[in-house]
Amino acid sequence: MAQIISSKVSFTKENVSLCMCPQCPVQGASKCVKGKMSSIAKALERQPLKREDIPGIYCSTGTATCRDLDPSQYCMCADCPVFNQNNLASGQPVGYYCRDGMAK
Ligand code: SF4
Ligand code: SF4
């Protein structure tokens, strides 16, 4: 099935490397995210990238495929270069893309 990716934010290796989601407390206790991070180097070699392999850049790829996140914690998107470069503060939703879906 084709991946539906936000037209606002590019799903690129460069943006994945800038994304703050791997350091975010919302994902901090997620075993699912830890598992994906353990094979992230391999996942980044794949072309095209697959959204279910990358536990981040949800502003581009939409809601997290991991189900054990904790959105009561603080979202770090506002501190992220991708957020600022793409002017995501002026769109919807603003942050918590892992929970609320891709940036529009
Ligand atoms: S989208 Fe925001 S809340 Fe979700 S993991 Fe990334 S930084 Fe954290
Ligand atoms: S704005 Fe949030 S979801 Fe998008 S790349 Fe940055 S930290 Fe990741």
Side-chain angles (χ1 to χ4, degrees):
M1 205 170 85
Q3 301 188 96
I4 301 166
I5 306 296
S6 170
S7 54
K8 215 166 183 183
V9 182
S10 304
F11 186 28
T12 60
K13 254 178 158 176
E14 193 199 1
N15 280 345
V16 171
S17 73
L18 294 170
C19 172
M20 312 275 290
C21 296
Q23 288 96 54
C24 175
V26 170
Q27 299 200 132
S30 165
K31 289 201 174 103
C32 172
V33 168
K34 274 197 188 84
K36 289 181 196 286
M37 287 307 293
S38 69
S39 53
I40 191 82
K42 213 163 205 148
L44 288 171
E45 284 168 15
R46 280 190 166 167
Q47 277 304 326
L49 299 174
K50 292 184 80 181
R51 69 182 289 269
E52 59 270 32
D53 289 346
I54 314 274
I57 193 125
Y58 305 116
C59 57
S60 173
T61 62
T63 320
T65 55
C66 284
R67 287 280 159 248
D68 57 349
L69 273 50
D70 178 8
S72 69
Q73 302 293 320
Y74 175 75
C75 169
M76 295 179 69
C77 288
D79 300 325
C80 170
V82 176
F83 186 91
N84 291 309
Q85 282 162 14
N86 292 279
N87 195 24
L88 298 187
S90 69
Q92 282 295 327
V94 180
Y96 289 98
Y97 304 103
C98 54
R99 179 191 63 191
D100 297 336
M102 65 181 64
K104 289 178 188 144

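Nothing fancy with the numbering, it's 1 onward along the sequence. Quantities reported herein were computed from a predicted structural model and do not represent experimental measurements. Order of listing sets the numbers, starting from 1, for every ligand and every atom in it.
- When all heavy atoms of P55 and M37 are compared, the pair lying nearest together is CG-SD, 3.4 Å.
- Annotation: disulfide (SG to SG under 2.5 Å) contacts involving residues 67-104, sequence neighbours excluded, are absent.
- In terms of protein heavy-atom proximity, atom 7 (S) of ligand 2 is nearest to M20 N, 3.3 Å.
- Here atom 4 (Fe) of ligand 1 has protein N, O or S atoms under 2.8 Å from it, and they come to 1.
- For atom 4 (Fe) of ligand 2, the nearest protein heavy atom (residue, atom name, distance) is C59 SG, 2.4 Å.
- The two residues I57 and S10 make their nearest non-hydrogen contact at CD1-O, 3.9 Å.
- A heavy-atom separation below 4.0 Å is found between I57 and ligand 2.
- Residues A89 and V94 approach most closely at O-CG2, 3.8 Å, considering heavy atoms.
- Near C19, meaning under 4.0 Å from any of its heavy atoms, are these atoms of ligand 2: 5 (S), 7 (S), 8 (Fe).
- When hydrogens are left out, the protein atom nearest atom 6 (Fe) of ligand 2 is C80 SG, 2.3 Å; that is the closest non-hydrogen contact.
- Residues satisfying the salt bridge (charged side-chain N to carboxylate O under 4.0 Å, His left out) criterion with D53, sequence neighbours excluded, are R46.
- Within a 6.0 Å sphere centred on CD of E14, other residues, nucleotides and ligands contribute 12 heavy atoms or fewer.
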**Request:** Decide side chain to side chain donor-acceptor pair (under 3.5 Å) for S30 and D68; before the verdict, give the C-alpha distance in whole Å, the side-chain angles of both, and the deciding distance to 0.1 Å.
**Result:** CA-CA 5 Å; S30 165; D68 57 349; 2.6 Å; yes
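- The disulfide (SG to SG under 2.5 Å) analysis of residues 7-43, with sequence neighbours excluded, yields the pairs C32-C66.
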